Amino acid sequence: MNRRQLIRCTFAAAALVAAPSVAFADVNRIDVYITGDSNIINFWNNIIKPAYESAHPEYTLNVVSARNAIAPIVERTLAALGTEVDPQVDIFDENDPNLPAGAIEKGLWVDFTEAGLQNYDKINPVTIETNYGLPYRGTQVVLAYDTTKLAPENAPKTWAELVAWMKENPGQFTHNRPDTGGSGGNFVRRAIHEANGRDPSLFRIDNYVQGESDELLAKGFELLKEIAPYTYGPGSYTADNMQSIQMLAQGVITMAPVWSDMALDAVNKGVLPETIAFTQLTDLAFAGGFADMTVPTNAGNLEATLKLADLVLSEEIQTKVVTEIGAFPAIGWEHLPEELASKYSNLQPASIPTFPGGPWVSAISDGWFRNVAPHVNR
Amino acid sequence: MSTVEAATAAVKRRHVDGRGLIGLLLVAAPVTLIGALILWPVSVSVFDTLTVRGPDGRHFSLESYRFFFSDGFSLRNLWLTIQVAAICTVLLLVISLPIALYLRFSETRLAGYIQALALFPLFVPSILLAYALIRTLGPNGTVDILLTAVGLPKIPSPYLTPWGPIIGLVWDNLPLTLLIILAGLSNVSRASIDAARDVGAGSFAVLWYIVLPRIRGTLLVAASFIILGLFSAFTLPYLLGPAVPEMMGPFMRRTIIEVDDPLQARTQAVVTFMICALFAMFYVRSVARTRREQSS
């Protein structure tokens, strides 16, 4: 039995012990399972829960942190499908409806195109990946830069402009290592996209072939080697997302790729000065993604849950998505207050390319560390 | 032998046997824990690295070690770890010895404050230390601000170079080294130093002929402890060090989590473990020798 199985068994045993008390629980309770970090749990508890409960006083929201143990809860819901048993799950805040395989065909998830949500049409179409997932908060890697050293009108808009700027301003750019944090990882992935005709469709979760695919990656690594002498150090890549932000805050560098929600949060908390601005490449954006809510069709309080999902997409909550957790709103900016839209207009995602995980992750990490990182030495 | 004497001897023996059993029971718990949580997983790992799974079951192979020792990238990481460990150990002994000597033989109140200050790093988590060092010694950090204020050029920042983790690890390991050396110095009696002084020995002669010979074993113990800690260091090398070469701690973590290659990660761990075992042997031998000297 490995550690993960042991943890699962422990959870299962604990659930069994807790089961009788749950079974007789309040029928007017909506169980919300959260996959995100504590900031997301706080967001549901402090923002969404009071808003929903004041609008629908007959219901209470039960916010549960599932973190990485979401798979057994989804399995439990699937097992209850077609029976009279209440799965004790009404909504998942971030869940891939494609998992487990076949769940959609079995009718586990609510099809939101037919759910009659008032706010569904306000959703920015580029954020929708599936009919069975309801995007509500997003994040994407953007370029953060210091406007005291680089005027916004001169901020690079394409990969070629970015490289040209780096060569003119050596030592003013860094990104974190692709193995941690993801902002540097998605910068590396953007280079791989650039070297392969900016065609993200070449990279799919199921098409990694050793050797053949490594050649595609190697072309990206060549681009990164070309710019390595112009990075800070040169070749000093920070350890994590936060260190890149710190380098920017200490005025050491002018530009770094950052996660939009982390950087907005840093600006709101004063870690980054107000003079930091953001830009996105327009020829092909950096990778990112949206968190999709899913609702099981056998949820105990299906109707009330759909009202909850509708509320999360309302102007009120979507504004808070931007201001409280620094994430992208899922609904179009035209549906949000104008001053908010103008402040964060540069962060509006025109498109959000994705890069698959699985075997690609190890190939990119190993390849970058062996080829790109040692290319220049400080 | 009278019956009384025989009976007494039997009672004594039974008494000794009973004590032995209780003693064995007392050590059973830690021995079981070490066996189950350390020795067993370690031997499974070692076994895994020495075998490959073929179509006809597992068979012996040195392939994973052949890869490690022929892979320039892995060797460079190992070499960096050894270098950092060596530099840190020398620095720590050189810094700790004078402080320890001062604390041992000074009787002023200042010594108390200095001891508190020297032990302070013991209570600072290394992640806080890493961020603090970035803020102070990092580019445009506090040191740079102070230097610029008096018109001096900025320092070449140790952040993201091998010197970053070296500075952090020395700071982090200072209290432990100091405590070990202080304990060793308690074996050096003031009388022997006074006697040497009386016959005209200078400070250096006292240190070289009286103090150092008495704490040689202690210094070896301190060095072994530091090296064992450095080989498993993760946070400081990860946050303060360069992307490549990596120290073994971050390298092993990345190999198992990111590169998804448990076999190589285990091989790296076994190689690291063998080097550490060498130093652990010094330590055990030193302790055993001290025991022998004390009991004779």
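Just so we're clear, the structure is a prediction, and the values are computed from it rather than from any experiment. Just so you know, these numbers use all the heavy atoms, side chains as well, and skip hydrogens, waters and symmetry mates.
- Side-chain contact, Q246(A) with Y131(B): no donor N or O sits under 3.5 Å from an acceptor N or O.
- Residue contact with chain A, scored on non-hydrogen atoms closer than 4.5 Å, is absent for N77(B).
- Contacts of R177(A) with chain B are made by side-chain atoms alone, with heavy-atom separations under 4.5 Å and no backbone atom involved.
- Note that OH of Y238(B) is 6.0 Å distant from CG of D179(A), once rounded to the nearest 0.5 Å.
- Proximity of Y159(B) to M247(A): side-chain heavy atoms (C-beta onward) are separated by under 4.5 Å at one or more points.
- Residues P374(A) and R76(B) are in side-chain contact: their nearest non-hydrogen atoms beyond the backbone lie under 4.5 Å apart.
- At most 12 non-hydrogen atoms from other residues, nucleotides or ligands lie less than 6.0 angstrom from CZ of F273(B).
- Atom CZ of F120(B) has 12 or fewer heavy atoms from other residues, nucleotides or ligands within 6.0 Å.
- A heavy-atom distance below 4.5 Å is not found between the side chains of M242(A) and I134(B).
- Interface remark: P242(B) contributes backbone atoms only to the contact with chain A (heavy atom separation under 4.5 Å).
- Residue R254(B) holds its CZ atom at 6.0 Å from CG of D366(A), rounded to the nearest 0.5 Å.
- Closest heavy-atom contact between S236(A) and L160(B): CB-CD1, 3.6 Å.
- Taken from CD in Q250(A) to OG in S157(B), the straight-line distance is 9.0 Å, to the nearest 0.5 Å.
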